[in-house]
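Keep in mind that the numbers below use all heavy atoms, side chains included, and drop hydrogens, waters and symmetry copies.
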Amino acid sequence: MSEAFSAFVSHLECSETGEQYPANQAYNVSNAGYPLLVRYNLNALRDALEPGTLSSGLPGFWRYSKLLPLGPLEQIVSLGEVCTPLIPLPIDAITSSEGPPCKVWIKDEGLLPTGSFKARGVSLAVNMAKQLGIQKMAIPTNGNAGAALAAYGAQAGLEILCYCPRDTPPINVEEMRRYGAEVHLHDGLIHECGAEVQARCDAEGWFNTSTLREPYRIEGKKTMGLELAEQFDWQLPDYIFYPTGGGTGLIGMWKAFKELKAMGWLSGDLPKMICVQAEGCAPLVRAFERGDRRADVWENAETVAAGIRVPKALGDFLVLDAVRESGGYALSVSDDAIRAAQHDIATKTGFLMCPEGAATAAALKRSLTEGLMEPGASTVLFNCATGLKYLDLAS
């Protein structure tokens, strides 16, 4: 095994066919065109660690390095990552109508470097790229992923290429440029930017870092699940509401929970995973309601929550599998409901959610109103970025 990887990594695996690949080489997708997943020797991990103890002694989410595909820990590319807090949210900030009581926390990912949860996945992707000798990384982005890749790429001394829809929030575009990335604005949506990235990669040898087109961003997002398990003292919440575009975080958390359960560290039911999308771009919700395992492209996608404006996700089947296996559901909310939730929570609690995070609050309100949840359920809402990046939408 290459020293680029943890001793507990066993292989990579095609998420659809199960075909296995050696874990010491650079890959994008499997030979069949599906996302690759990192697999671990979980029995060895269970034997090597005390139950419930994952910390490596490093700060932030690097404490979980034994369940990540990392090389020598002294070579980690870092921008000061933290474990993000759980902030209690009074239910009357969500809804004043009669309904079942519900314990709610916001998981505030806006405290990570570059102000969003994209730091988790991108940090792992950049660290593995550096270990495997990759020098040039490219990404299609609605904003935050490109900013994170540009920042971590600058720290690692890599060349970074970002393709963005032309209406990407200006602060994100300027972030990418300030970090030295080559930035292109495209007259199209993110899946069309993805086609431009692939063409450039094929022509010039860039490494495609698109969502689920390499194996490591999902491992970084997995740390959200590991962190939640530890913060809840290995008794997970009943529901997790997650703003879903490409879906890497939802897939990653579900992977984390299943790995921990296989190690014997979790028992009983796992959380119900709630896939939240905007009404103006809801391909996964439509597929869930139809009973489909894959989603059709959503035409003319439009929403104020740019981070979840993804008309077609490569890992759609992995999101839908996780939602169904968990006993969860997929729900869409209007832009008006997103704005209202953002306003209500900010004025009642002093916490400014990003639009994508506010979508989860709007989805929780709808769930309570429609009786989709049992009384007393414990619930985590993911706020995936600092609301300060979106002040033009805060009124």
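- Inter-residue side-chain proximity for Glu219 and Met128 is flagged as unmet; no heavy-atom pair is nearer than 4.5 Å.
- The shortest distance between side-chain heavy atoms of Lys389 and Asn144 falls below 4.5 Å.
- In this model, a donor atom of one side chain and an acceptor atom of the other lie less than 3.5 Å apart for Tyr64 and Glu230.
- Residues Pro69 and Tyr40 approach most closely at CD-OH, 3.2 Å, considering heavy atoms.
- Proximity of a side-chain donor or acceptor of Arg166 to a complementary backbone N or O of Leu185 within less than 3.5 Å is detected.
- For the ring pair (Phe, Tyr, Trp, His ring centres under 6.0 Å) test, no residue two or more places apart in sequence or in another chain qualifies with Phe288.
- Centroid-to-centroid, the aromatic rings of His184 and Tyr163 come within less than 6.0 Å.
- Contact record, Ala138 with Val197: CB-CG1, 3.8 Å, taken as the closest heavy-atom pair.
- The shortest non-hydrogen separation linking Cys384 to Glu356 is SG-CB, 3.5 Å.
- Side chain of Arg366 to main chain of Ser332: a donor-acceptor pair is present (N/O by atom type, distance under 3.5 Å, no hydrogens or angles).
- Asn41 places no side-chain N or O within 3.5 Å of a backbone atom of Ser10 that could act as its donor or acceptor partner.
- Using a 4.0 Å cut-off between charged nitrogen and carboxylate oxygen, Arg177 and Glu174 do not count as a salt-bridge pair.
- Between Pro311 and Ile190 the shortest side-chain heavy-atom distance falls below 4.5 Å.
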>> Assess the residue pair Leu391 and Leu352 against the criterion (side chain to side chain contact (heavy atoms under 4.5 Å, CB included)); give the C-alpha distance rounded to whole Å, side-chain angles, the decisive distance to 0.1 Å, and a yes or no.
In response: CA-CA 9 Å; Leu391 292 179; Leu352 182 60; 3.8 Å; yes
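- Shown are Ile87, Val380, Ile91; of these, the side chain to side chain contact (heavy atoms under 4.5 Å, CB included) with Val104 is made only by Ile91.
- Tyr216 and Thr209 are not linked by any side-chain donor-acceptor pair at a separation below 3.5 angstrom, with hydrogens and angles left out of the test.
- The two residues Cys14 and Tyr21 come nearest to each other via the heavy atoms N-CE1, 4.3 Å.
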> For Val310 and Lys312, what are the C-alpha separation, side-chain angles and deciding distance, and is it a side chain to side chain contact (heavy atoms under 4.5 Å, CB included)?
Replying inline: CA-CA 6 Å; Val310 179; Lys312 174 65 177 175; 5.9 Å; no
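- The minimum heavy-atom distance between His186 and Cys193, with the atom names listed, is CB-SG, 3.7 Å.
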> Going through the distances and angles, do Leu70 and Gln75 end up as a side chain to side chain contact (heavy atoms under 4.5 Å, CB included)?
Replying inline: CA-CA 9 Å; Leu70 290 170; Gln75 297 178 17; over 6 Å; no
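- Look at Arg120 and Glu227 and you find a salt bridge, because one of the NZ, NE, NH1 or NH2 atoms lies within 4.0 Å of a carboxylate O, short of that distance.
- Side-chain contact of Glu109 with Thr84: a donor-acceptor pair under 3.5 Å is present, judged by distance alone.
- Cation-pi geometry between Arg293 and Phe317 is not met at under 6.0 angstrom from the ring centre and within 45 degrees of the axis.
- Using a 4.5 Å heavy-atom cutoff, the side chains of Pro271 and Asp238 are not in contact.
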> Could you walk me through whether Ile274 and Leu364 pass the side chain to side chain contact (heavy atoms under 4.5 Å, CB included) check?
Replying inline: CA-CA 9 Å; Ile274 313 304; Leu364 174 58; over 6 Å; no
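- Here the closest non-hydrogen pair linking Leu320 and Asp292 is CD1-O, 3.6 Å.
- A salt bridge does not link Glu196 to Arg200: none of the charged side-chain nitrogens sits closer than 4.0 Å to a carboxylate oxygen.
- Rounded to the nearest 0.5 Å, atoms CG (Leu226) and CE (Met253) are 11.0 Å apart.
- Counting non-hydrogen atoms of other residues, nucleotides and ligands closer than 6.0 Å to CG of Asp269 gives a total of 12 or fewer.
- Checked for salt-bridge contact, Glu325 and Lys255 miss the test: no charged N lies under 4.0 Å from a carboxylate O.
- Panel note: side chain Thr360, backbone Gly357; a donor-acceptor pair is recorded below 3.5 Å.
- More than 12 heavy atoms of other residues, nucleotides or ligands sit less than 6.0 Å from atom CD of Glu204.
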> Checking side-chain hydrogen bond (donor to acceptor under 3.5 Å, both in side chains) for the pair Glu370/Ser367: CA distance, chi angles, key distance, verdict?
Replying inline: CA-CA 5 Å; Glu370 297 180 10; Ser367 294; over 6 Å; no
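- Put simply, the side chain of Val297 reaches to within 4.5 Å of the side chain of His191, judged on heavy atoms.
- Rounded to the nearest 0.5 Å, atoms CZ (Arg46) and CG (Leu260) are 12.5 Å apart.
- For the residue pair Thr379 and Lys103, no side-chain donor N or O sits within less than 3.5 Å of a side-chain acceptor on the partner.
- A distance-only check finds a donor-acceptor pair linking the side chain of Gln277 to the backbone of Leu284 [under 3.5 Å].
- Residues Gln198 and Asn208 bring a donor and an acceptor atom of their side chains to less than 3.5 Å of each other.
- Using a 30° and 60° split on the angle between ring planes, Phe241 and Tyr239 fall in the tilted class, from 30° to 60°.
- Distance alone, capped at 3.5 Å, places no donor-acceptor pair between the Asp335 side chain and the Ala337 backbone.
- Going from atom CD of Glu81 over to atom CG of Leu111 covers 13.0 Å, rounded to the nearest 0.5 Å.
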> So Phe382 and Tyr242, ring pair (Phe, Tyr, Trp, His ring centres under 6.0 Å) or not? Walk me through it.
Replying inline: CA-CA 6 Å; Phe382 267 84; Tyr242 189 81; 5.6 Å; yes
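- At a threshold of 4.5 Å between non-hydrogen side-chain atoms, the residues Thr168 and Thr141 do not count as touching.
- Applying the side-chain hydrogen bond (donor to acceptor under 3.5 Å, both in side chains) criterion to Glu299, with sequence neighbours excluded, gives no partner residue.
- Looking at heavy atoms from C-beta onward, Asn43 lies out of side-chain contact with Phe8 at the 4.5 angstrom threshold.
- In this structure the side chain of Phe351 reaches within 4.5 angstrom of the side chain of Ile106, judged on heavy atoms.
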>> Working note: Trp265 + Phe257, criterion ring pair (Phe, Tyr, Trp, His ring centres under 6.0 Å); need CA distance, chi angles, decisive distance, verdict.
In response: CA-CA 9 Å; Trp265 289 11; Phe257 299 151; over 10 Å; no
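- Under the 4.0 Å criterion applied to side-chain N and carboxylate O atoms, Asp296 and Arg290 are assigned as salt-bridge partners.
- Heavy-atom contacts from other residues, nucleotides or ligands closer than 6.0 Å to CG of Asp202 number more than 12.
- Taking the ring centre of Phe207 as origin, the terminal cationic atom of Lys136 falls outside the region bounded by 6.0 Å and 45° from the ring axis.
- Using a 4.0 Å cut-off between charged side-chain N and carboxylate O, Lys365 and Asp344 make no salt bridge.
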